[in-house]
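As C-alpha cells, the structure follows; a few thoughts come after it.
What's counted below: heavy atoms across the whole structure, side chains too, no hydrogens, waters or symmetry copies.
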Amino acid sequence: RSSDLGSIVTDVFKQLVRRLTEGLLTEHEVTTLVRHYGNQQDLDDLVGHVRDHLRRMNFSAFDHLKEGLAFYDRNASGFIDGDELVRVCEEKGLALGRDVLEALMKQCPANDAGQVDYAAFGEQINWKETKGENELVTAGGTMHVNYK
C-alpha cells in the first residue's frame with residue numbers, strides 16, 4: 001500500500017509487478033525493476049538473493065575469482081576499475097548480470113579514482129563464508145519509488 005509520500009512496501013511492489021506482468025518476467029527481472037524504480041535497493045535483500053543464486057548454481061570458485069581480481073590490481077592498492085571487475089566476474093563464470101554487479105559494487109568502498117575494493121566485493125557475495133543461510137535476507141522493507 002502506498003502512502004502520500006510516494007513509498008510502498010517492497011514486497012507489495014514486487015507482487016504488483018508480478019501481477020501486472022502475468023508471469024512474463026523472471027524473478028531476476030522483477031528484482032531489477034524494483035532496484036531501478038527504488039531510490040535505494042535493500043542491500044541485505046540483494047546480497048541474500050545473490051548468495052542464494054550462487055549457492056544454487058554451485059558457484060564455489062571464490063579463490064579463483066579473487067586471484068583474477070588481484071591480477072588487475074597492478075599497483076597492489078586493493079582497488080580495481082568497475083569494468084575490470086565485471087570482466088573478471090564474467091570470465092570466472094559468475095553469472096549475475098552487469099546491473100546486479102554494478103549494484104553490488106556501489107555498496108563497496110571505493111578510492112578517489114572511483115575504483116572498487118575488490119576484497120569487500122568478494123566478501124559480500126561469498127556464500128561459503130556466510131555463517132547463517134538467512135543471515136542477510138530481510139523479511140521486507142519500505143522502498144521509495146520514483147513514480148512521479
Side-chain angles (χ1 to χ4, degrees), residues 1-72 78-110 114-148:
R1 180 176 167 183
S2 59
S3 72
D4 294 335
L5 301 175
S7 296
I8 186 170
V9 176
T10 304
D11 290 338
V12 173
F13 183 68
K14 284 182 180 181
Q15 290 172 3
L16 179 63
V17 170
R18 286 184 194 115
R19 203 173 320 148
L20 290 172
T21 59
E22 297 177 351
L24 296 174
L25 299 178
T26 65
E27 186 62 28
H28 173 75
E29 291 167 325
V30 171
T31 301
T32 300
L33 280 173
V34 170
R35 192 170 48 257
H36 176 76
Y37 286 104
N39 289 335
Q40 181 178 357
Q41 166 67 30
D42 184 354
L43 174 62
D44 294 345
D45 189 40
L46 175 63
V47 172
H49 283 297
V50 167
R51 286 182 177 177
D52 186 53
H53 173 74
L54 294 176
R55 185 176 22 256
R56 284 184 281 125
M57 299 299 294
N58 201 26
F59 181 87
S60 59
F62 293 104
D63 290 336
H64 294 295
L65 178 64
K66 185 177 179 180
E67 291 169 7
L69 294 168
F71 175 79
Y72 284 96
F79 296 87
I80 64 171
D81 182 72
D83 288 333
E84 292 170 334
L85 189 143
V86 169
R87 184 175 347 173
V88 171
C89 289
E90 290 171 351
E91 289 172 359
K92 301 298 180 183
L94 194 68
L96 293 176
R98 186 175 189 96
D99 61 328
V100 172
L101 292 173
E102 288 176 354
L104 291 168
M105 284 188 281
K106 286 180 184 176
Q107 304 304 322
C108 295
Q115 295 177 313
V116 180
D117 179 335
Y118 61 87
F121 175 84
E123 289 171 11
Q124 77 175 336
I125 64 169
N126 190 343
W127 62 268
K128 293 177 80 176
E129 300 297 323
T130 305
K131 291 183 173 78
E133 182 177 329
N134 295 322
E135 181 177 294
L136 292 176
V137 179
T138 61
T142 300
M143 61 182 268
H144 301 283
V145 180
N146 297 322
Y147 63 88
K148 294 182 182 180

Original post:
Which distance, rounded to the nearest 0.5 Å, do you find between the CZ of Arg56 and the CG of Asp52?
Top reply: 4.5 Å

**OP:** Sequence neighbours left out, what passes side chain to side chain contact (heavy atoms under 4.5 Å, CB included) with Ala120? Give chain and number order.
**Re:** Cys108, Pro109, Asp117

**OP:** Check whether any side-chain heavy atom of Leu104 sits under 4.5 Å from a side-chain heavy atom of Gln107, and report yes or no.
**Re:** no

Original post:
Leu69 versus Lys92: any side-chain heavy-atom pair under 4.5 Å?
Top reply: no

Subject >> Residue pair Ile125 / Arg51: nearest heavy atoms and the distance that separates them >> reply: O-CG, 3.6 Å

Original post:
If you measure from CZ on Arg55 to NZ on Lys128, what distance do you get to the nearest 0.5 Å?
Top reply: 12.0 Å

Original post:
How many angstroms lie between NE2 in His49 and CG in Leu96, if you round to the nearest 0.5 Å?
Top reply: 13.0 Å

**OP:** Output the distance between atom CG (Leu94) and atom CG (Leu54), rounded to the nearest 0.5 Å.
**Re:** 5.5 Å

Subject >> Nearest-0.5 Å distance, CZ of residue Phe62 to NE2 of residue His64 >> reply: 12.0 Å

**OP:** Identify, with sequence neighbours excluded, every residue that meets side chain to side chain contact (heavy atoms under 4.5 Å, CB included) alongside Ala70.
**Re:** Tyr118

Original post:
CD of Glu90 to CG of Leu85: how many Å apart, nearest 0.5 Å?
Top reply: 10.0 Å

Subject >> Pairing residues for Tyr72 by the side chain to side chain contact (heavy atoms under 4.5 Å, CB included) criterion, not counting sequence neighbours >> reply: Arg74, Ile80, Glu84, Arg87, Val88, Glu91

Original post:
Just by distance, do the side chain of Trp127 and the backbone of Phe59 share a donor-acceptor pair under 3.5 Å?
Top reply: yes

Scan the side chains in residues 18-26 for donor-acceptor partners under 3.5 Å anywhere in the protein, sequence neighbours excluded, and list what turns up.
unit_1 : atom_1 : unit_2 : atom_2 : d
Arg18  : NE     : Glu27  : OE1    : 3.4
Arg18  : NH2    : Glu27  : OE1    : 3.1
Arg18  : NH2    : Glu27  : OE2    : 2.8
Thr21  : OG1    : Val17  : O      : 2.8
Thr21  : OG1    : Arg18  : O      : 3.4
Thr26  : OG1    : Glu29  : N      : 3.2
Thr26  : OG1    : Glu29  : OE1    : 3.4

Original post:
Could you go step by step and tell me if Val50 and Gln124 meet the side-chain contact (heavy atoms from CB on, under 4.5 Å) rule?
Top reply: CA-CA 9 Å; Val50 167; Gln124 77 175 336; over 6 Å; no

**OP:** With sequence neighbours left out, write down each residue that passes side chain to side chain contact (heavy atoms under 4.5 Å, CB included) with Asp63, or none if nothing qualifies.
**Re:** none

Original post:
Can you name the residues that form a salt bridge (charged side-chain N to carboxylate O under 4.0 Å, His left out) with Glu102, not counting sequence neighbours?
Top reply: Arg98

